[in-house]
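The structure appears below as structure tokens.
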Amino acid sequence: MDAFYASVEQRDRPELKGLPLVVGGDGARGVVAAASYEARAYGIHSAMSVAEARRRCNDVICIRPRMSHYQAVSRTLFNVFREFTPVVEGLSLDEAFLDITASIALFGSTETLAQRIKQRVREESGLAASVGVGPNKLVAKIASDLDKPDGLCILLGDRIQVTLDPLPAGRIGGIGPRTVERLAAHGINTIYELRTAPDQVLGQVFGRYARRMRERASGIDDRSVCVDRPDQSISAEETFAYDTADPDQLRQQLGNLCDKVARRLQNKSLQGAVVTIKVRQQDFRTFSRQRHVSPPLGEAAPLLRVAGELLDTWLDENPGVRLRLLGVGVSELSEAKQLNLFNQGGEGRDLDRTLSTIRQRFGEQAVARGRLRDRD
């Protein structure tokens, strides 16, 4: 989808159409989650601070995100996708891979099918979608980004390499800014230069993945579209309005984050065997600490206990350091098992459900856990 959150807001509020708009936090530390194409004309993009967005465009409008609303729109989109094929792999709320191999014959041609998908998305959601078609996930993903907004790009046969070769090497998934810099140091800036680079050079940059990256640069990708892509981790984080070194404030925020993670775990009937905390200092240096737990956990109370111990240890090792962000995550996920009669976790689950019900009815700030006790 094109600038999904911003497009939903402009659809719902026609007076915002044609105006520079960002969806994100409106506090001093607010971050842009999505920018309309009118805002992008000023160089505004996602992950930029809202303060910087306002410096670039005095007239930019900032709207706080409505995640539950975007999730509802996303369900509509995915229902449309499944009208054309049951083989749908979701990447995010607004992006998915569709394997249409078995559906093309029903529509006569690939282009007709792609156009029909775009039409149905607009009919059901009122939004524009950019569609990329290719023989594999790599090419389809690149194609979907080449003709935004409201685009349709089909890369098949000889068109694949002709189109890919002049593109920046960073267009290939897995090649981030640091790798782009390393490639540039070897004179490799385009996909063509990556595809034709000496083995020795690619080995220095990618190590044992050198061959795979050459294949990617040649438009080769053997990954299949996975209908049920399991969650790898579930996490939550918060950027503070002001840097803080106050242990009580940090533990209070940690409790709120653990509640969010536990709620997401329980909504998906999952539990996790690894707990991780993430801290970002005021100088933007970021650290993490993690611990394996047995048995796996999925409730807020045990999650808060482990995460609290990890945070306390980090604070002891870094006394007085001011933080701008705190996060909690759970990984090594598995299906949550039913409690037996002798398990002592039932009360925790009941409390989690009660808190979740209150928040759904009265809002996220309606109720909070008490602070973690002082360690003394």
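Everything quoted here is computed from the prediction, not taken from an experiment.
To the nearest 0.5 Å, atom CG of residue Asp243 and atom CZ of residue Arg322 are 6.0 Å apart. Taken from CG in Asn79 to CZ in Arg120, the straight-line distance is 10.0 Å, to the nearest 0.5 Å. In this structure, CD in Gln282 is found 10.5 Å from OG1 in Thr244, a value given to the nearest 0.5 Å.
Between Glu181 and Arg178, no side-chain nitrogen of the basic residue sits less than 4.0 Å from a carboxylate oxygen of the acidic one, so the salt-bridge criterion is not met. A salt bridge links Arg214 with Asp199: the closest approach of a Lys/Arg side-chain nitrogen to an acidic carboxylate oxygen falls below 4.0 angstrom. Ion pairing between a basic and an acidic side chain is recognised when a charged N comes within 4.0 Å of a carboxylate O; Arg66 and Asp12 show such pairing. Salt-bridge formation is detected for the pair Lys141/Asp145: a Lys NZ or Arg NE/NH1/NH2 atom is positioned less than 4.0 Å from an Asp or Glu carboxylate oxygen. Residues Asp283 and Arg324 are not paired through a salt bridge, judged by the lack of any N-O separation under 4.0 Å between the basic side chain and the carboxylate. With respect to the salt-bridge test (charged N to carboxylate O, under 4.0 angstrom), the residues Arg289 and Glu317 qualify. Ion pairing of Glu237 with Arg280 is absent here, as no side-chain N (NZ or NE/NH1/NH2) approaches a carboxylate O to less than 4.0 Å.
Using cut-offs of 30° and 60° on the angle between ring planes, the pair Tyr70 and Tyr5 is parallel.
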- Report the C-alpha distance between Gln232 and Ser331 in whole Å, list the side-chain angles of each, state the deciding distance to 0.1 Å, and finish with yes or no for side chain to side chain contact (heavy atoms under 4.5 Å, CB included). CA-CA 6 Å; Gln232 300 300 309; Ser331 56; over 6 Å; no
- Task: Go through the steps for His186 and Glu193 under the test side-chain hydrogen bond (donor to acceptor under 3.5 Å, both in side chains), then give the verdict.
- Result: CA-CA 10 Å; His186 291 281; Glu193 291 167 341; over 6 Å; no
- Item | Full working for side-chain hydrogen bond (donor to acceptor under 3.5 Å, both in side chains) between Thr76 and Glu124 | CA-CA 7 Å; Thr76 298; Glu124 292 299 315; over 6 Å; no
- Worked check of side-chain hydrogen bond (donor to acceptor under 3.5 Å, both in side chains) between Ser130 and Asp2: CA-CA 7 Å; Ser130 289; Asp2 301 325; 2.8 Å; yes
- Stepwise, does the side-chain hydrogen bond (donor to acceptor under 3.5 Å, both in side chains) test hold for Asp94 with Ser92? CA-CA 5 Å; Asp94 66 318; Ser92 62; 3.0 Å; yes
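Residues Glu111 and Ser109 have side chains that never bring a donor and an acceptor to within less than 3.5 angstrom of each other. At a cut-off of 3.5 Å, with distance as the only test, a side-chain donor of Thr101 or Asp99 sits close to an acceptor on the other residue. Between the side chains of Gln119 and Glu123, at least one donor N or O lies within less than 3.5 Å of an accepting N or O.
Under the 4.5 Å side-chain heavy-atom criterion for grouping Ile, Leu, Val, Met, Phe, Trp and Tyr, Leu167 is connected to Ile160 within one hydrophobic cluster. Linking ILVMFWY residues whenever their side-chain heavy atoms come closer than 4.5 Å, directly or via other members, places Ile100 and Met1 in the same cluster.
The closest side-chain heavy-atom distance from Leu323 to Gln281 is below 4.5 Å. Counting only heavy atoms from C-beta outward, the side chains of Asn58 and Arg54 never approach each other to under 4.5 Å. In this structure, Tyr42 and Val60 have side chains that are not in contact, with every pair of non-hydrogen atoms separated by 4.5 Å or more. In this structure, the side chains of Leu325 and Glu238 stay at 4.5 Å or more apart for every pair of heavy atoms. Using a 4.5 Å heavy-atom cutoff, the side chains of Arg291 and Leu310 are in contact. Side chains of Phe206 and Leu194 form a contact here, defined as non-hydrogen atoms less than 4.5 Å apart.
For the pair Arg212 and Tyr209, the NZ or CZ position fails the cation-pi test of under 6.0 Å to the six-membered ring centre and within 45 degrees of the ring normal.
Here Ile61 is tied into one hydrophobic group with Leu16, Leu19, Leu21, Ile63, each link being a pair of ILVMFWY side chains closer than 4.5 Å.
The minimum heavy-atom distance linking Val293 with Val274 is given by the pair CG2-N, 4.5 Å. Listed here is the closest heavy atom pair of Val23 and Glu9: CG2-CG, 4.0 Å.
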